[in-house]
*Asks:* 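This structure is in structure tokens; I'll ask about it shortly.
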Amino acid sequence: LRCSCRRGGGVVQAGDSLRLSCAASGRIYSSYVMGWFRRAPGKDREFVAAMRWSNTRTMYGDSVRGRFTVSKDSAKNTVYLQINSVKPEDTAVYYCAASIQWSTQASEYFNWGQGTLVTVSS
């Protein structure tokens, strides 16, 4: 998997919105769970969101619930992370990955993307 920022990605200001994309290099099976994690400097990797590819069921971490939204474009084999009302605390490297089971644990995911740095200025 590889990740890239769309409009608003990279260095953004507090209150902005942006969308991250994760394009799969291979087939995304319908049973897969696509997850988003983030890691801030000096902190452990944090679960952000997940979505089951087949039925688009989603789950969000407590720190992002209500502001972040996971979506997909099956034709483009891509999963998105929409971030609204971005805060300085959202500054981190964001990663996408796939899992064969519903999980919030990074150890259950594989085929990690390279990560996308989001820096939020206040």
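These values consider heavy atoms only, across backbone and side chains, with no hydrogens, waters or symmetry-generated copies.
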*Asks:* Would you indicate whether the side-chain heavy atoms of Met59 and Val33 approach each other to under 4.5 Å?
*Replies:* no

*Asks:* Can you tell me if Thr91 uses its side chain to pair, donor with acceptor, with the backbone of Val120 under 3.5 Å?
*Replies:* yes

*Asks:* With a 4.5 Å heavy-atom cut-off, do Met34 and Lys72 have their side chains touching?
*Replies:* no

*Asks:* Minimum heavy-atom separation for Glu108 and Ser99, please, with both atom names.
*Replies:* O-OG, 3.1 Å

*Asks:* What's the separation between atom OG1 in Thr104 and atom OH in Tyr60, rounded to the nearest 0.5 Å?
*Replies:* 15.0 Å

*Asks:* Using the ring-ring contact (aromatic ring centres under 6.0 Å, His included) rule, pick out the option among Phe110, Tyr109, Trp53 that qualifies with Tyr32.
*Replies:* Phe110

*Asks:* For the residue pair Ala14 and Ser122, what are the closest heavy atoms and their distance?
*Replies:* CB-CA, 4.4 Å

*Asks:* Using modelled atom types only, decide if a donor and an acceptor are shared between the side chain of Arg52 and the backbone of Ser31 within a distance under 3.5 Å.
*Replies:* yes

*Asks:* Taking the side chain as C-beta and beyond, is there a heavy-atom pair between Leu20 and Trp36 under 4.5 Å?
*Replies:* yes

*Asks:* In this structure, are over 12 heavy atoms from other groups packed under 6.0 Å from Gln101 atom CD?
*Replies:* yes

*Asks:* Within the supplied structure, the quantity of interest is the number of heavy atoms (other residues, nucleotides, ligands) at a distance under 6.0 Å from Asn55 CG; does it exceed 12?
*Replies:* yes

*Asks:* Does Asp90 come within less than 4.0 Å of Lys87, counting only side-chain N to carboxylate O?
*Replies:* no

*Asks:* Measure from NZ or CZ of Arg39 to the centre of the six-membered ring of Trp112, then state whether that distance is under 6.0 Å and the direction lies within 45° of the axis.
*Replies:* no

*Asks:* Is Thr69 reaching over with its side chain to a backbone N or O of Gln82, donor-acceptor style, under 3.5 angstrom?
*Replies:* no

*Asks:* For Thr58 and Trp102, which heavy atoms make the closest approach, and how far apart are they?
*Replies:* C-CH2, 3.8 Å

